[in-house]
Amino acid sequence: MSSAIQLSVDNAAIAVTKAQLDAIAPEAVSAMHTVEQGTGAGADFLGWVNLPSTLQPALIADMLATAAVLRNECEVVVSIGIGGSYLGAKAVIEALSDSFAAYRHDHKGPKMLFAGQNIGEDYLYELMDYLDDKKFGIIVNSKSGTTTEPAIAFRLLKELLERKEGKEAAARHIVAITDARRGALRTMADKEGYKSFVIDDNVGGRFSVLTPVGLLPIAVAGFDIKALVEGAAQMEKVCATESYDTNPALLYAAVRNCLYRSGKKIEIMVNYNPKLHYFAEWWKQLYGESEGKDHKGIFPAAVDNSTDLHSMGQWIQDGERTIFETVLSVDATHHETIIPTDAANLDGLNFLAGKRVDEVNHMAEIGTRIAHVDGGVPNLRVNVPMLTELYLGQLIYFFEKACGISGYMLGVNPFNQPGVEDYKRNMFALLDKPGYEAESAAIKARL
């Protein structure tokens, strides 16, 4: 088994030549230097670049001790957050968890649930109904404490927890991850005595999975955050070199931009392991929010194969040729399941008897890649040796570093999200939030 994730771009050659890659290399290296030296737009949000190698052991120990309290005293822990304050932890936990852990009575440690990622009234009602007879804790992630979706969820769950346990006991089971000095959540945490961790100002939400925002929920779920950080630190070192041969983030960013400039406007993240569904969701936010600006940017989409071969497969094979694929290929599984022989063979599957299920899955993956390349869809492939904390840490950092490089190559600020604020202004105006009177009148006149 390889000791690291590997990137292959051989099947992108139908649209990107070596000459094109060589020609764009100086631009890619320059963009990488811009990320590392903090000389570009958004440089105030580059704290993630050297985060894995500089994360203090004392902070990790503090998170593990806090996680132990929640694991030992709670049946359920709800992590509240939206965007990067939710997706990174969800992605890692889903990738590492038993697919049916939620249904097992012998599940060790608390069940991890999520809130604040939507404003679904039924979702929140049903969550509170489920928690009503449970011993539960809360991890609330918000720099400001006033972001609408998580703030609503926290208000509701905090009220429920305090009603069940009393304010003092409830405070022991609430952890706030927020700004060091200011904001509503910081004020509340200090006043109520919540255990708290800091979201550094120089790390944006979508790059925060390797901070307490992601690491604490992952630790509560029972996974090895030291190994996750170690994998990221390994990839941090690898992704600092200036050669396509040794730096997969540099190569990925360069190939993506070559494809974009040749008319490939949509990138589809493909996985063949259902545990990676939320990793693709994390990736979509990372790239969509980083690159989609100034009417530029590759549109990030995702499919779960082989499931989606029976839905999106037709469009990918024969639809408009504005797409390319990045395939997450997992080399080894944790378990072995052999297909048995059946004497009647009514299903005609005896030709598979004795084979592992994963062998069939890999053949589906290879066959699909060949078909899509033959159909004019360039393919990149990221090989992941196994779904472990170490390799997921490598994968996270690889995509983060490539995202910064790629964003600068596109000519945008990869670290802001001005468009996200537009819906908030309209929503606040429609809800008659104080201070939005003028906007309220203008918007309501359009209805």
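Please read these numbers as outputs of a predicted model, since none were measured by experiment. Numbers for residues simply follow the sequence, beginning at 1.
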Worksheet item: Ion pair present between K401 and E36, side-chain N to carboxylate O less than 4.0 angstrom?
Response: yes
Item to complete: Output the distance between atom CD1 (I177) and atom CD1 (I199), rounded to the nearest 0.5 Å.
Response: 6.5 Å
Worksheet entry | Gap between atom NZ of K135 and atom CD of E75 - 0.5 Å precision | 9.0 Å
Worksheet item: Within 45° of the six-membered ring axis of Y278 and under 6.0 Å from that ring's centre, is NZ or CZ of K90 located there?
Response: yes
Worksheet item: Is it true that the side chains of T333 and R356 contain a donor and an acceptor less than 3.5 Å apart?
Response: yes
Worksheet item: To the nearest 0.5 Å, how far apart are CG in N118 and CD1 in I82?
Response: 7.5 Å
Worksheet item: Under 4.5 Å between any side-chain heavy atoms of M63 and F197, yes or no?
Response: yes
Worksheet item: When rounded to the nearest 0.5 angstrom, what is the spacing between OH in Y260 and CD in E267?
Response: 12.5 Å
Item to complete: Show your reasoning for whether salt bridge (Lys or Arg N to Asp or Glu O under 4.0 Å) applies to R261 and E27.
Response: CA-CA 14 Å; R261 295 172 192 184; E27 185 181 338; 2.5 Å; yes
Worksheet item: When F207 is tested against each of W282, F45, F415 for ring-ring contact (aromatic ring centres under 6.0 Å, His included), which residue passes?
Response: F415
Discussion item. Between Y244 and L21 (side chain of the first, backbone of the second, donor and acceptor by atom type, cut-off under 3.5 Å), is there such a pair?
Written reply: yes
Item to complete: Taking the side chain as every heavy atom from C-beta outward, state whether N273 and F279 have any pair of such atoms under 4.5 Å apart.
Response: no
Worksheet item: Do E325 and H372 have side-chain atoms, one donor and one acceptor, less than 3.5 Å apart?
Response: yes
Discussion item. Whether the side chain of N141 engages the backbone of I80 through a donor-acceptor N/O pair (distance < 3.5 Å, no angle test) should be reported.
Written reply: yes
Fill in: Ring centers of Y252, F399 separated by less than 6.0 Å
yes
Item to complete: Check whether any side-chain heavy atom of F351 sits under 4.5 Å from a side-chain heavy atom of L349, and report yes or no.
Response: yes
Discussion item. Pairing donors with acceptors under 3.5 angstrom, does anything connect the side chains of S290 and R206?
Written reply: yes
Worksheet entry | N361 and E365 side chains, donor-acceptor separation under 3.5 Å | no
Item to complete: Could you tell me whether a side-chain N or O of T34 sits under 3.5 Å from a main-chain N or O of S30, the two making a donor and an acceptor?
Response: yes
Fill in: Modelled atom types, side-chain donor and acceptor of T241 and S243, under 3.5 Å
no
Worksheet item: Distance-only, no hydrogens or angles: does the H362 side chain make a donor-acceptor pair with backbone N or O of V357 under 3.5 Å?
Response: no
Discussion item. What I want to check is whether the side chains of S329 and R381 have a donor and an acceptor closer together than 3.5 Å.
Written reply: no
Discussion item. Pairing donors with acceptors under 3.5 angstrom, does anything connect the side chains of D331 and N383?
Written reply: yes
Item to complete: Consider only side-chain N and O atoms of T307 and D304, and report whether a donor and an acceptor are under 3.5 Å apart.
Response: no
Discussion item. Run L46 and V203 through side-chain contact (heavy atoms from CB on, under 4.5 Å) and show every step you take.
Written reply: CA-CA 6 Å; L46 288 168; V203 180; over 6 Å; no
Worksheet item: Where do I268 and I316 land on the side-chain contact (heavy atoms from CB on, under 4.5 Å) test, with the steps shown first?
Response: CA-CA 9 Å; I268 303 175; I316 296 170; 3.9 Å; yes
Worksheet item: Roughly how far, to the nearest 0.5 Å, is CG of L251 from CZ of F398?
Response: 8.0 Å
Worksheet entry | Gap between atom CZ of R369 and atom CG of L380 - 0.5 Å precision | 11.0 Å
Discussion item. Assess the residue pair K355 and L352 against the criterion (side-chain contact (heavy atoms from CB on, under 4.5 Å)); give the C-alpha distance rounded to whole Å, side-chain angles, the decisive distance to 0.1 Å, and a yes or no.
Written reply: CA-CA 6 Å; K355 296 183 185 297; L352 297 177; 4.1 Å; yes
Discussion item. For the residue pair D342 / N350, report whether a side-chain donor-acceptor contact shorter than 3.5 Å exists.
Written reply: no
Fill in: E291 with K284: basic N within carboxylate O range, under 4.0 Å
no
Practice prompt. From the options E236, E230, K237, select the one residue that forms a side-chain hydrogen bond (donor to acceptor under 3.5 Å, both in side chains) with Q234.
Written response: E230
Item to complete: In sequence, state the C-alpha distance, the side-chain angles, and the governing distance for I298 and Y287, and then conclude on side-chain contact (heavy atoms from CB on, under 4.5 Å).
Response: CA-CA 8 Å; I298 299 166; Y287 279 81; over 6 Å; no
Worksheet item: Just wondering, do V255 and C258 contact through their side chains at under 4.5 Å, heavy atoms?
Response: no
Discussion item. Could you walk me through whether S144 and D179 satisfy the side chain to side chain donor-acceptor pair (under 3.5 Å) test, starting with their C-alpha distance in whole Å, then the side-chain angles of each, then the deciding distance to 0.1 Å, before giving a yes or no?
Written reply: CA-CA 7 Å; S144 66; D179 191 88; over 6 Å; no
